[in-house]
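So the structure is just underneath, and the comments pick up after that.
All chains are named by letter (A, B, ...) in the order of the sequence lines, taking the proteins before the strands, and each is independently numbered beginning at 1. Treat the numbers as computed from the prediction; the structure is a model and nothing was measured.
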2 protein chains.
Amino acid sequence: METKKNDLSKCFDLPSLCPVFNIRAASRIITQLFDEILKPSGLQSTQFAVLVGVHIFDTPSINKLAKGLVMDRTTLTRGLKPLENEGLIKIVSGDDKRIRFVKLTPKGKTALEKTLPYWEKARSVVSDEFGQKHLDGLLKDLASVREIKN
Amino acid sequence: METKKNDLSKCFDLPSLCPVFNIRAASRIITQLFDEILKPSGLQSTQFAVLVGVHIFDTPSINKLAKGLVMDRTTLTRGLKPLENEGLIKIVSGDDKRIRFVKLTPKGKTALEKTLPYWEKARSVVSDEFGQKHLDGLLKDLASVREIKN
DNA sequence: TAATTATAGGTGTGTATACACCTATTACAT
DNA sequence: ATGTAATAGGTGTATACACACCTATAATTA
């Protein structure tokens, strides 16, 4: 008889064709590479991205910053703590007492300037490792993953 | 005079050409999508991947499993705890007292079988959202990111 | 065989992630 | 004006992540 068994042979497809496995593994590797190179700056990849977001969105609310960084709001809340403790950002209120704005301090601005060269270095390492054209394609694909959310 | 100012205009390049920002954001989105679809199975994406790894590497040591899943060993150690508590895996020792093998229990095997259809569903959603060909290319790129580590 | 080195793995700490649930404030409708 | 919606944000909890550092056991070598 032909057994319709829900067997486990499909498991062997995971390394080659599972999106979540592949993207998480790649994410870990890229993050480690960047964190290693950013180390002398004192910032981690995510913290750097948050500071950049605070700069380019120009003292945004928590919500706006979270949206801009494609992060969960509550994740961002926790992530802001160490930056605030280090004095790199300051949380300020306005007229609407619900809203809290994230402001880059002078110290935060300095940290950002100091980190940018390491960021460029890390990018060039990835680019060398990967090929500029290849990397451009990957970045475009990753950006389009963000579209799924909408 | 020409000021060589290390200004912050480069910050605006982050969304379009920062590998770590893009891959982390994409990773969060894909993970949320999978976790949402896997939810009825009771497993999260990472836990599913660990169980798959335990199956395909056939009762591996912690180290072998970590390497196979491209994970840090200590991350894996913590991640095994909930699976052990749920009785999906069992940690066993052999002759070499240093080595601990991760074994799939019958309950773990059942959980894996139960989860596979949800995994296929999630893959098809990503594939539809993304286009099969496009996705294949992305997966190949992500797999080649893993090569950086070597 | 005793000292050394290599291997396997766990723990402390701190950050990253996000769901479920909560409060406070503002805007809106009756 | 008052009750209700919508909006902004924080907290509890649990997992994910990984570096630095530790112990235990096995393998190697002097």
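Under the 4.5 Å side-chain heavy-atom criterion for Ile, Leu, Val, Met, Phe, Trp and Tyr, B/Leu8 and A/Val102 are members of the same hydrophobic cluster. With hydrophobic clusters built from ILVMFWY side chains whose heavy atoms lie under 4.5 angstrom apart, A/Phe34 shares a cluster with A/Leu135.
Nucleotide D/dT15 holds its P atom 18 Å from the CG atom of B/Leu69, rounded to whole Å. The CD atom of B/Gln47 sits 7 Å away from the C1' atom of D/dT15 (whole-angstrom rounding). Distance A/Leu83 CG to C/dT15 C1': 11 Å, rounded to the nearest Å. Rounded to whole Å, the distance from CG on A/Leu80 to P on C/dT15 is 12 Å. Following rounding to the nearest Å, B/Lys81 (NZ) and D/dA16 (P) show an atom-to-atom distance of 13 Å. Rounded to an integer number of Å, the gap from A/Ile23 CD1 to D/dA16 P is 17 Å. Protein atom CG of A/Asp95 is 16 Å distant from nucleotide atom C1' of D/dT7, rounded to whole Å. Distance, A/Asp72 CG to D/dG12 P: 17 Å, rounded to whole Å.
Here side-chain hydrogen bond (donor to acceptor under 3.5 Å, both in side chains) pairs that include residues 73-87 of chain B, with residues two or more places apart or in two chains, are B/Asp72-B/Thr74.
Of all heavy-atom pairs spanning B/Phe21 and A/Gly68, the tightest one is CZ-O, 4.2 Å. In plain terms, the two heavy atoms of B/Ala25 and A/Val70 that are nearest each other are CB-CB, 4.1 Å.
A donor-acceptor contact under 3.5 Å links the side chain of B/Arg78 to the base of C/dG12. You won't find any donor-acceptor pair under 3.5 Å spanning the side chain of B/Thr74 and the base of D/dC17, going by distance alone.
Comparing A/Lys97 and A/Pro82 by the nucleotide of DNA chain C that holds the closest heavy atom to each, the one mapping nearer the 5' end is A/Pro82.
For the segment residues 25-46 of chain A, the set of residues with a heavy atom within less than 4.0 Å of an atom of DNA chain D comprises A/Arg28, A/Gln32, A/Lys39, in numerical order. Looking at residues 119-126 of chain A, you'll see that no heavy atom sits under 4.0 Å from any atom of DNA chain C.
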CA sep, side-chain torsions, deciding dist, call: B/Ile29, B/Leu33, side chain to side chain contact (heavy atoms under 4.5 Å, CB included): CA-CA 6 Å; B/Ile29 289 167; B/Leu33 189 152; 5.5 Å; no
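Between the side chain of B/Thr105 and the backbone N or O of B/Gly87 there is at least one donor-acceptor pair closer than 3.5 Å.
Two residues are said to be in side-chain contact when any heavy atoms from C-beta on lie closer than 4.5 Å; A/Trp119 and A/Ser45 fail this criterion. Within the 4.5 Å cutoff, no side-chain heavy atoms of B/Val125 are placed close to those of B/Asp128.
The side chain of A/Thr75 places an N or O atom within less than 4.0 Å of a non-bridging phosphate oxygen (OP1 or OP2) of C/dA18. Dashed line: the shortest gap from a side-chain N or O of B/Arg24 to OP1 or OP2 of C/dT17 is under 4.0 Å.
Within 4.0 Å (heavy atoms only), B/Asn85 reaches no atom of the nucleic acid at all.
Base orientation at D/dA18 is anti, since its O4'-C1' glycosidic dihedral falls outside 90° of 0.
Under the side-chain contact (heavy atoms from CB on, under 4.5 Å) criterion, A/Gln132 pairs with A/Ser127, A/Asp136, sequence neighbours left out.
Nucleotide D/dA14 has C/dT17 as its partner under the Watson-Crick or G-U criteria, with both atom distances under 3.5 Å. Nucleotide C/dT26 forms a pair with no other nucleotide shown, judged by Watson-Crick or G-U wobble geometry with both contacts under 3.5 Å.
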Exercise answer: donor-acceptor pairs, residues 46-57 of chain B side-chain atoms, under 3.5 Å, sequence neighbours excluded:
from, atom 1, to, atom 2, distance (Å)
B/Thr46, OG1, A/Arg24, NE, 3.4
B/Gln47, OE1, B/Gln44, N, 3.0

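How far CG of B/Leu104 is from CG of B/Asp58: 10.0 Å, rounded to the nearest 0.5 Å.
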With 3.5 Å as the limit, what N/O pairs link the protein to nucleotides 6-9 of chain C?
from, atom 1, to, atom 2, distance (Å)
C/dT7, O2, B/Arg98, NH1, 3.1
C/dG9, OP1, B/Ile62, N, 3.4
C/dG9, OP1, B/Arg100, N, 2.8
C/dG9, OP1, B/Arg100, O, 3.1
C/dG9, OP2, B/Asn63, N, 2.8
C/dG9, OP2, B/Asn63, ND2, 3.0
C/dG9, N7, B/Arg73, NH2, 3.4

